Amino acid sequence: MRDITHLNITLDKSIVDYIEECRQKEHPESYLIAVLHKVQGIYGFLSEDHMYEVAHLLGVPTSTVYGVATFYHFFRLKPKGKYSISICMGTACFVKGADLVLQSFKNELGIDIKETTSDGLFSLEGTRCLGVCALAPVVTINDEVFGNVTPNQVPEILIKVKSIDKQAQ
Amino acid sequence: MNMINLKIDDFDIQVPEGTTIMQAADKVGAHVPRLCYHPYLSTDGACRICIVEVEGYRNFVASCHTLVAEGMKVRTNSAELRQTRRDLTELLLDNHPRACLTCDRDGNCELQNLSYRLGVRDRLFAGDRKRFPIEKDNTAIVRDAEKCILCRRCVRVCAEVQGVYNLSQMYRGFTTVVAPAFESKMDESVCIMCGQCINVCPTAAFSEKSHYDEVFDALSNPKKHVVVQVAPAIRVAIAEGWDILGVDATGKTVEALRRLGFDAIFDTNFGADLTIMEEANELINRIEKNEKLPLLTSCSPGWINFMEHFYPEMIPYASTCKSPMQMTSTLVKTYYAQKKGIDPKDIYSVAIMPCIAKKYEAGRQEHFAPEGYPYTDAVLTTRELIWMIKAMGIDFVNLPDSDFDDPLGESTGAAAIFGTTGGVMEAALRTAILKLTGKKPENLDFYDVRAIEGLKEATIKINGMELNVAVANGLANARKILDKIQSGEKQFHIIELMACPGGCVAGGGQPHQPAEQFVYPLDTHIISQRQAAIYSIDSNKSIRISAENPSIKKIYKEFLKKPGSEIAHNLLHTTYSEKYPRGVK
C-alpha cells in the first residue's frame with residue numbers, strides 16, 4: 001500500500017504528475033530513467049532529496065534509484081557550474097593530448113570530472129567527439145568553442161572567462 | 001511436464017524442462033565449481049566460475065542460468081575449462097586484499113576455499129586494486145567494500161528474502177561498489193541490521209561490529225561484576241564451532257562462560273518466559289477490549305527496525321513488551337542488583353545473541369536506565385563467543401555440564417522454542433490458553449504454527465472462540481502479511497514476526513557454514529538440525545508452559561507483582577518510533 005504522507009515534496013508539479021501517470025501504466029518502475037531525465041532537465045542535476053522523492057513516488061527502492069543514477073554517465077549528482085567546461089575525449093582530440101589538457105584543468109580548478117568548484121563558477125566534463133576534429137584538441141565552455149588547446153593555455157582561458165563573468169555583473 | 005534428454009560428461013540424463021545445466025549436472029554428481037550462485041536466491045550469473053562447455057556453442061556458458069535443451073552435450077571439465085576458471089578466480093583475487101591471515105572469515109571463506117580447490121597457487125596478475133575505506137564505526141554491521149567480489153548475494157538476500165532493498169550496486173566498471181542509497185553509512189540507511197548480508201557473503205565484505213575486546217576488558221576488571229545471558233538459539237548452534245551439528249550444548253556453554261570468568265550466568269530463556277507472561281496478558285487485554293488487533297510480537301529487533309523504517313503506521317499494534325534479552329538485562333540491573341546488594345553501575349551486562357540487530361537494540365535510548373547507563377552493555381554473536389572460547393584455550397567439546405545461576409536461570413520448554421520461527425506464537429498460545437480457560441491445554445504441541453515455510457496462518461479454537469494467528473519469518477513475508485492486514489483482506493488476533501528466515505536459529509550472528517564444497521550459507525539441513533535440537537529441548541523439559549515456571553512465579557511475588565503491573569510496565573515494556581530514511585513500499 002502506498003503511503004507518501006511523510007514526504008515533503010519539493011519536486012516540480014510536472015514531474016509529480018508524470019510519475020503519477022507512470023504509476024497507472026504496467027511496470028511503473030521501468031519509467032525510472034525517463035523520470036530521472038525529467039528531473040535533471042529541470043534542475044540540471046539529481047539531488048539526494050529529489051532521488052528520495054522519486055523513489056517514494058514511483059515505488060522504486062531508493063538504493064535502485066541511486067544505483068541507476070550513478071551507473072549512467074549522463075546523470076549528474078552535483079549541480080553544473082555557471083561555466084561548464086567540456087573537454088573532447090574523442091579519438092582525434094585524445095591523440096593530440098586532450099588528456100593533458102584535462103589534467104591541466106583539473107590542476108587549475110582543483111576538481112575532478114563531473115565536479116563543480118566550490119564557488120559554483122566552473123564544472124568539468126569529458127565529452128565524446130564534437131565533430132570539429134580539425135581543431136583538436138577541442139574544449140567548449142558553455143557555447144564557446146576553443147580549438148588547438150594546449151595545457152599551457154588553460155590558466156589563460158580561465159582568466160578570460162572570469163573577467164568576462166565580472167564584466168557581465 | 002516435458003522431459004529433456006541430454007548428456008553431461010559421460011552420463012545420459014533426463015530432466016524436466018526448465019532445469020539449469022548446473023542442476024542437471026548436480027544430479028549426475030558433477031558439482032560444477034560456483035561462487036555467486038545461491039540456491040535460495042535468484043540467479044545472477046555474476047562470477048562466471050560455473051562455466052561449462054556445450055558442444056556446438058562458440059563460448060563457454062554459465063551453467064547456473066543456462067537451461068538444458070534436447071540433445072545437449074555438456075562437458076563440465078576440460079583442461080581449458082579448468083584453466084579459465086582458475087584465471088577468473090585469480091582475477092578476483094587480484095582485486096582483493098591479501099589479508100587472509102587476519103580476516104575474520106579465514107578458514108570459512110568461500111573465495112579462499114574456491115581458489116584453493118581450483119589450484120590457484122600464485123598470483124600472476126599484478127594490477128591496480130580497488131580501494132575503499134572500511135566502514136567500521138556502525139553500531140552493528142561493518143562494511144568492507146575492498147573485500148567485496150560483487151557476487152551480489154547480499155543485494156539479492158536484502159531484496160528477495162528481506163524485502164528491504166537497502167543494498168544495490170553503484171557506479172560501474174572498476175569503481176563498482178555495493179552500498180546503501182547515496183553511499184550512506186549502514187546506520188544511516190534503511191538497513192534493519194538483520195545481518196543476512198553477513199551470512200550470505202562469501203568473503204568478509206560484511207561482518208559484525210565486534211564487542212569481544214570490550215567484554216575481555218570487563219572480565220579482567222576486578223571492579224566489574226560481569227553478568228552474561230545466553231539466547232535460546234545459541235545452545236543449538238555453538239557446537240558447530242567444533243564441527244558438531246544439531247546438538248543441545250547448553251551445559252557446556254554455561255561451563256565455558258564460567259571458565260571465561262563471568263560472575264553470573266543467566267538464561268535469556270528466563271526472559272522469554274517473562275515475555276510470554278507480559279505478552280499473553282497484553283493479548284488477552286486487547287482481545288477483551290477488542291482494540292489494537294492484531295498484536296504484533298516484538299522479540300525480533302530486526303523486525304522492529306523494519307517496522308520503524310517501513311511500517312511506522314503499525315507501531316500502535318506492536319507489543320510493547322521488551323525483547324527477552326532486554327527484559328533479562330533490565331532485571332539484572334534492578335532485581336538482581338538489589339538482591340545481591342551491588343550498585344547497578346558496577347554491573348557489566350553481556351548478552352550472547354544469534355543476532356546482529358541485538359547490537360543495535362542494546363544501544364537504543366529506550367533501553368537505558370533513567371540513571372543513564374544501558375541495561376545491556378555488550379552483545380556478542382555466537383561466532384564471537386566461539387572465538388573467545390577458542391582464544392582462551394578452553395576445550396569446549398570435553399567440558400562438563402554446568403547449570404545457569406539463580407535467580408534468572410530457570411526456564412521452560414516454551415522459552416526454548418523462542419529460538420525458532422513459530423516458537424513465540426506456540427509459547428504464547430500455551431500460556432494464553434491456560435489463562436483464558438483456567439486449565440492446561442491438552443496438547444502442548446501446536447504443529448499448525450511451526451512454520452518451516454516463510455508464512456503460515458492458522459485458526460486456534462479456545463473456549464468456543466476462534467483465534468486467528470499468523471507466523472511470518474523473513475521480512476519479505478512480513479510485508480505480505482502486513483499488506484493483507486492493511487488492505488483489510490484478512491483479520492488476525494496475533495502475528496509472530498521474525499526478521500530472519502527460520503527465526504533466530506538462522507540469525508545473522510550464527511556460525512558460518514563449514515568451508516565444504518557442497519554447503520551453502522543458510523543451508524536448510526543445518527538450520528533444520530538447529531530447529532530439531534530446539535524442539536528436543538522443549539519436549540525434554542518437565543515444565544513447558546511459561547506461567548508454570550517457579551522462578552517466574554517467584555519474581556512476580558517478590559518484585560513485579562503481576563503481569564502488566566506498574567512496575568512491570570516501567571521495567572519490561574518499551575516504545576517505538578518512526579525512523580528515517582523511510583523505506584519505499
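Keep in mind that what you see is a predicted model, and the values were worked out from it rather than measured. Chain identifiers are assigned alphabetically (A, B, ...) following the order of the sequence lines, protein sequences preceding nucleic acid strands; residue numbering begins at 1 within each chain.
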Okay, E183(B) and chain A: the region with an atom under 4.5 Å from a heavy atom over there is both

Count the heavy atoms belonging to other residues, nucleotides or ligands that lie under 6.0 Å from NZ of K25(A), then report whether that count exceeds 12. yes

- Message: Atom CZ of residue position R128(A) - does it have more than 12 heavy atoms of other residues, nucleotides or ligands inside 6.0 Å?
- Response: no

key: N/O donor-acceptor pair under 3.5 Å between Y52(A) side chain and R582(B) backbone   = yes

Would H6(A) and Y580(B) satisfy side-chain contact (heavy atoms from CB on, under 4.5 Å), going step by step from the backbone distance to the final call? CA-CA 10 Å; H6(A) 61 285; Y580(B) 286 90; 3.9 Å; yes

Interatomic distance, CD@Q169(B) vs OG1@T70(A), rounded to 0.5 Å, equals 9.5 Å

Quick one, T62(A) with V584(B), criterion side-chain contact (heavy atoms from CB on, under 4.5 Å). Give me CA distance, side-chain angles, the key distance, then yes/no.
CA-CA 7 Å; T62(A) 321; V584(B) 173; 3.6 Å; yes

| request: Answer yes or no: does atom CZ of F75(A) have more than 12 heavy-atom neighbours from other residues, nucleotides or ligands under 6.0 Å? | output: yes

Review point. When the ring planes of F182(B) and Y66(A) are compared, do they come out parallel, tilted or perpendicular, using 30° and 60° as the limits?
Key: perpendicular

Over 12 foreign heavy atoms within 6.0 Å of CD, Q491(B): no

When the 4.5 angstrom heavy-atom criterion is applied to V60(A) and chain B, the contacting part is backbone

Okay, L482(B) and chain A: the region with an atom under 4.5 Å from a heavy atom over there is neither

Heavy-atom nearest pair, S63(A) first then S168(B), reads O-CB, 3.4 Å

Taken to the nearest 0.5 Å, the spacing of R172(B) CZ from H73(A) NE2 works out to 5.0 Å

If one checks every heavy atom of P312(B) against chain A at 4.5 Å, the contacting part turns out to be neither

Please say whether more than 12 non-hydrogen atoms of neighbouring residues, nucleotides or ligands are located less than 6.0 Å from OH in Y317(B).
no

The interface call for L7(A) against chain B, heavy-atom contacts under 4.5 Å, is neither

